[in-house]
Amino acid sequence: MPELPEVEVVRRGLLGHVVGKRIVAVEVLHPRAVRRQLGGAADLIGLLAGATVTAARRRGKYLWLEADPAAAADPIAILVHLGMSGQMLVQSAGAADEKHLRIRATLDDSTELRFVDQRTFGSWMVDDIVGSVPASITHIAPDPFDPGYDQSAVVKVLRGKHTEIKRALLDQTVVSGVGNIYADEALWRSEIHGQRLTDKLPVKSLRAVLENAAAVMKEALEQGGTSFDALYVNVNGQSGYFERSLNAYGREGKPCRRCGAAMRREQFMNRSSFSCPRCQVRPRL
């Protein structure tokens, strides 16, 4: 699934291509794409028709467009769940439809914002805005690039938990934006195994993990995100290149770029974790 850098790349593309445009019409081509919308396709279409997009925002891995609806005073959020394969593409009107096109929003400059989703795990929904975020994600913690992010507060939360550090990094209510890929990269940089317990790690180590998570995501963002196949692209259909710079994720059997030991893969929460057996010593359980 896309993590913070990939979602931020999409957000920046939407900022440049969609913000300031009015939605002329919306077409829902697959019911699963609006399954989170309480009133279904008709409700989403009715709320978005005539709305003007005023901002493209993100918290962690969550993306939304803020809009002023035509028939309401309060702004709304178009919350976009990219799922495992969701793409937000900007196309010229009349361009051939993508095979897995799910939602088409026609804008007043004759371009189309298209939601393409091969695996249909993603969706759109219209949500109220509470404070500065959609109501349904108020429980999501600030990410390391959020003005409200407080590293000391996150460290305090981690020290108060008795859980594995990688599991805590993936908990979006503690710190958002970090997924499986960047958690492995941050832990490799910190020379800490993902099974180390948060209440046993020194504050210095917890700070290092959080700082490395922010650093690796910043570097990934500069390279357009991480792409392992054609499913992750920006709004222009271009892939990111950070996969070439990964030090841990996906490198099973390859030499550690720090010490030369063969990288290992372990099962973790129905996923895979990648680490160095020499640099990141597994704790005794």
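Only a predicted model underlies this, so the values are computations on that prediction, with no experimental measurement involved.
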Please report the interatomic distance [atom1]([X]) to [atom2]([Y]), rounded to the nearest 0.5 Å.
{"X": "Arg264", "Y": "Arg278", "atom1": "CZ", "atom2": "CZ", "answer": "11.5 Å"}
{"X": "Met125", "Y": "Leu38", "atom1": "CE", "atom2": "CG", "answer": "8.5 Å"}
{"X": "Glu252", "Y": "Met263", "atom1": "CD", "atom2": "CE", "answer": "10.0 Å"}
{"X": "Leu79", "Y": "Leu63", "atom1": "CG", "atom2": "CG", "answer": "8.0 Å"}
{"X": "Leu197", "Y": "Thr163", "atom1": "CG", "atom2": "OG1", "answer": "7.5 Å"}

I'd like to know if [X] and [Y] make a salt bridge, using a cut-off of under 4.0 Å between side-chain N and carboxylate O.
{"X": "Glu185", "Y": "Arg189", "answer": "no"}
{"X": "Asp143", "Y": "Lys61", "answer": "no"}
{"X": "Glu164", "Y": "Lys166", "answer": "no"}

So which atom in [X] and which in [Y] form the shortest heavy-atom distance, rounded to 0.1 Å?
{"X": "Ala67", "Y": "Ile78", "answer": "CB-CD1, 4.4 Å"}
{"X": "Asp199", "Y": "Arg159", "answer": "O-NH1, 3.3 Å"}
{"X": "Leu82", "Y": "Phe115", "answer": "CD2-CE1, 4.3 Å"}
{"X": "Asp184", "Y": "Ser273", "answer": "OD2-CA, 3.5 Å"}

Practice task
Kindly check if the number of other-residue, nucleotide or ligand heavy atoms within 6.0 Å of NE2 (His162) is above 12?
Solution key: no

Between [X] (side chain) and [Y] (backbone), is there a donor-acceptor pair under 3.5 Å?
{"X": "Arg167", "Y": "Asp171", "value": "no"}
{"X": "Lys200", "Y": "Arg196", "value": "no"}
{"X": "Arg12", "Y": "Ala56", "value": "no"}
{"X": "Arg102", "Y": "Ala33", "value": "no"}
{"X": "Gln172", "Y": "Leu170", "value": "yes"}
{"X": "Thr198", "Y": "Lys161", "value": "yes"}
{"X": "Arg251", "Y": "Ser275", "value": "no"}
{"X": "Thr106", "Y": "Val24", "value": "no"}
{"X": "Asp127", "Y": "Ser136", "value": "yes"}
{"X": "Ser85", "Y": "Arg119", "value": "yes"}

Using residues 202-209 as the side-chain source, report each donor-acceptor pair under 3.5 Å to any protein atom, sequence neighbours left out, with the distance given to one decimal.
residue, atom, partner, partner atom, Å
Arg207, NH1, Gln151, OE1, 2.5
Arg207, NH2, Ser152, OG, 3.0

Problem - Glu66 and Ile129, any side-chain heavy atoms less than 4.5 Å apart - result: yes

Problem - Contact check, side chains of Leu4 and Tyr182, non-hydrogen atoms, under 4.5 Å - result: no

Practice task
Could you tell me whether the side chains of Glu266 and Gln195 share a donor-acceptor contact shorter than 3.5 Å?
Solution key: no

Problem - Arg258 to Trp188 six-membered ring, cation-pi geometry met (6.0 Å, 45°) - result: yes

Practice task
Determine, stepwise, if the pair Leu65 / Leu113 fulfils side chain to side chain contact (heavy atoms under 4.5 Å, CB included).
Solution key: CA-CA 12 Å; Leu65 294 172; Leu113 175 60; 3.9 Å; yes

Exercise for the section: Please identify each residue that fulfils salt bridge (charged side-chain N to carboxylate O under 4.0 Å, His left out) with Asp43, with sequence neighbours left out. Expected result: none

Exercise for the section: Check the pair Ser123, Arg32 against side chain to side chain donor-acceptor pair (under 3.5 Å), reporting the backbone distance first and the verdict last. Expected result: CA-CA 7 Å; Ser123 67; Arg32 280 186 58 79; over 6 Å; no

Handout entry: Hydrophobic cluster identity match, Leu48 and Met88, side-chain contacts under 4.5 Å
Key = yes

Problem - Path from Leu169 to Tyr149 over hydrophobic side-chain contacts below 4.5 Å - result: yes

Handout entry: Test log, rule side chain to side chain contact (heavy atoms under 4.5 Å, CB included), inputs Asp74 and Asp128
Key = CA-CA 9 Å; Asp74 295 327; Asp128 295 328; over 6 Å; no

Problem - Intermediate values then yes/no, side chain to side chain contact (heavy atoms under 4.5 Å, CB included), Val10 and Arg58 - result: CA-CA 10 Å; Val10 175; Arg58 176 193 56 75; over 6 Å; no

Practice task
Apply the side chain to side chain contact (heavy atoms under 4.5 Å, CB included) test between Val26 and each candidate in Leu47, Ile103, Val34; give the one that qualifies.
Solution key: Ile103

Practice task
Determine, stepwise, if the pair Gln91 / Glu98 fulfils side chain to side chain donor-acceptor pair (under 3.5 Å).
Solution key: CA-CA 10 Å; Gln91 300 280 33; Glu98 293 78 8; 2.6 Å; yes

Practice task
Provide the full list of ring-ring contact (aromatic ring centres under 6.0 Å, His included) pairs with a residue in residues 258-285, sequence neighbours left out, each pair given once.
Solution key: Tyr249-Phe274

Exercise for the section: Dump the intermediate steps for side chain to side chain contact (heavy atoms under 4.5 Å, CB included) on Leu158 and Leu210, then the final yes or no. Expected result: CA-CA 11 Å; Leu158 293 174; Leu210 293 172; 4.3 Å; yes

